[in-house]
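Hydrogens, waters and symmetry mates are skipped; everything else that's a heavy atom, side chains included, is used.
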Amino acid sequence: MTRRGMYMYGSFLRPGPQGQVSGGLGLSTSHGTSTFAVPTDVITEPVHEEVIDGVRVTFMLAPGTEAPSEMLFYLPDFKALGSAEDVTHTMHNLYTLRGAKTRDAKAWSHYVRLAMELFPDVEIIFAQHHWPTWGNDKILKLMSDQADLYKYLHDQTLRLANKGLTPVEIADQIEVPDAIGKQWYNRGYYGSLSHNVKAIYTFYLDWFDGVPAHLNPHPPVENGKRYVEAVGGPDALLTKGKQAFDDGDYRWAAELVNHLVFADPSNQKARELLADTYEQLGYQAENGTWRNFYLVGAMELRHPLAPLPSNNPTGPAVVAVMPLEQMLDFWAVRLDGPKAADVDLSLRFVLSDTADNVLVTVRNGVLNYDMDKADASAALTLTLTRAVFNEVYLGTTSLTESIKAGTAKAVGDQSELETFISLLEDFDLWFDIVTP
């Protein structure tokens, strides 16, 4: 997600008319250090009032909208509504191009309307990324129009899906009525009608559009080789791609030439033509994130980026408060399944200062853990503090170094530890996107 976010937000584009204009939701993203403050109070009721520092605050949960745990809040004494990211000055993402779980358009519309019912006397509305709106009439129109926007996209996507149209066909066909579609705050500067419609289709029907030819296609490199051969070779495909480019059919040019780049990423003429095509698609895009994706793609086709220092979103402050289960889930993702297919091992981690006692097993290429089997045997037991475990997790130290330093105690077969460590993969942030 971080790597794709570089494309989505145009992290390495120079600001200007031929580079980054904005991220669609705002000018850019923060490059500071990620931290996390542990909540002192948790809101669990759908609507809940608190008095904080003498100020009355009414919280309204809106789960499944912009975030799984989205929450709006109202300051009744000031008639001010903090709308989180559910009411902003753009069409928001039902699916974000950096990658995330698809959001529920129907729920989004519902909760905006619920906020209108709960706080009808609102005089100021403000959100995290945009400017406030003042005046009850203007605010209620903004909220009503945005609720109708998400509901329209939802209902019409499903209407056309029920007529047998595929997500690409639906996205190319839907037009939002002018009454709501031409409002500034409903334009697709961040979310787009095209990828939001596809997201709604995916939310209900997932990735397969029902066309048998799309059920099991070749992967991009093998597909590319076959397309190049079918067209008559690299030169013939380049000629057709250049003709599509000259005709202004950039979508077709991009599809054609992308096959050649994936079939042969060393073909410089193909890379240059695809980069030119992406630039034109970017310049034509109303959507900020689409523009950035196209322009970063063009940049990396011409000048592949050398790995640069980047902010780790899972830094020490976040790991310090991360649930142990979540950390172990990520170890499970890091496990090289094929390499671990015939491995059978068990490790116990005892965190001396938190009383956590977890059994970790690797069998059949799968890492499982159990927090409730303190009496089950393990080939190796490691005793350490949560702080040392965090350092191991972040890679600032290793379990082997911790044992040698005396900050971790090992009882049992230490070869189990060496095997376990050898099965965990490190991920390269700088994987290729516009080339194979």
Side-chain angles (χ1 to χ4, degrees), residues 1-14 19-20 23-24 28-31 33-34 93 95-102 195 198-199 202 207 217-225 227-228 254-255 257-268 270-275 277-279 281-282 288-315 318-319 326-327 329-340 365 367 393-396 421-436:
M1 191 182 289
T2 300
R3 173 69 168 124
R4 285 168 53 164
M6 297 175 185
Y7 273 64
M8 178 173 172
Y9 296 112
S11 303
F12 303 109
L13 296 175
R14 290 183 178 180
Q20 188 195 56
S28 187
T29 53
S30 168
H31 297 286
T33 302
S34 297
N93 284 315
Y95 165 77
T96 173
L97 301 182
R98 69 180 179 272
K101 291 182 178 180
T102 300
H195 74 247
K198 294 168 187 170
T202 303
W207 62 270
H218 288 292
V221 171
E222 292 304 316
N223 223 18
K225 291 176 181 178
Y227 267 93
V228 172
E255 183 163 341
V257 184
N258 184 64
H259 284 305
L260 179 51
V261 169
F262 270 78
D264 179 13
S266 67
N267 189 317
Q268 196 59 37
R271 293 173 73 113
E272 289 291 338
L273 179 55
L274 186 55
T277 304
Y278 283 164
E279 280 182 340
L281 287 166
T289 61
W290 282 38
R291 174 189 171 93
N292 290 336
F293 246 91
Y294 284 128
L295 297 187
V296 173
M299 181 186 71
E300 290 200 2
L301 282 166
R302 294 197 178 103
H303 310 290
L305 281 174
L308 299 169
S310 61
N311 177 41
N312 183 356
T314 313
V318 176
V319 168
Q326 207 168 58
M327 301 167 79
D329 283 338
F330 187 59
W331 268 0
V333 171
R334 288 179 59 196
L335 188 78
D336 185 337
K339 188 176 178 181
L367 185 153
Y393 183 81
L394 288 165
T396 54
I421 292 171
S422 72
L423 298 174
L424 296 180
E425 284 195 322
D426 291 316
F427 300 127
D428 179 11
L429 173 65
W430 299 92
F431 59 81
D432 293 319
I433 291 180
V434 289
T435 54

Is Asn292 close to Met8 at the side-chain level, that is, under 4.5 Å between some pair of heavy atoms? no

Side chains of Asn258 and Tyr278, heavy atoms from C-beta outward: is any pair under 4.5 Å? yes

Test Leu281 against Trp290 for side-chain contact (heavy atoms from CB on, under 4.5 Å), laying out the working first. CA-CA 9 Å; Leu281 287 166; Trp290 282 38; over 6 Å; no

Return the minimal non-hydrogen interatomic distance between Ala199 and Thr102, and the atom names on each side. O-CG2, 3.3 Å

Check: Val333 and Phe427 side chains under 4.5 Å, non-hydrogen atoms: yes

On the 0 to 90° scale, with breaks at 30° and 60°, tag the Tyr95-His195 ring pair as parallel, tilted or perpendicular. perpendicular

Should the pair Asp264-Lys225 be classified as a salt bridge under the 4.0 Å nitrogen-to-oxygen rule? no

Where do Gly224 and Ala263 come nearest, in terms of heavy atoms and distance? C-CB, 3.6 Å

Working to the nearest 0.5 Å, report the span between OG1 of Thr277 and CD of Glu272. 11.0 Å

Check whether any side-chain heavy atom of Trp331 sits under 4.5 Å from a side-chain heavy atom of Leu367, and report yes or no. yes

Here the pair of heavy atoms bringing Pro304 nearest to Arg271 is CG-NH2, 3.6 Å

With a 3.5 Å distance limit and no angle check, can you tell me whether Arg291 reaches the backbone of Gly19 through a side-chain donor-acceptor pair? yes

Any donor-acceptor pair under 3.5 Å from Arg98 side chain to Met1 backbone: no

Once you round to the nearest 0.5 Å, how far does CG of Leu295 lie from CG of Leu13? 5.5 Å

Can you check whether Pro265 reaches Pro436 side chain to side chain, under 4.5 Å on heavy atoms? yes

Calculate, to the nearest 0.5 Å, the distance between atoms CD1 and CZ belonging to Ile433 and Arg3 respectively. 4.5 Å

Give, for atom CG of Leu423 and atom NZ of Lys339, the distance between the pair rounded to the nearest 0.5 Å. 6.0 Å

Given the options Met6, Gln20, His303, Phe12 meets side-chain contact (heavy atoms from CB on, under 4.5 Å) only with Met6

Which heavy atom of Leu301 sits nearest to which heavy atom of Ala275, and what is that distance? CD1-N, 3.7 Å

His259 to Val228 - nearest heavy-atom pair and separation: O-CG2, 4.2 Å

Flag side-chain contact, heavy atom, 4.5 Å: Asn267 against Val261: no

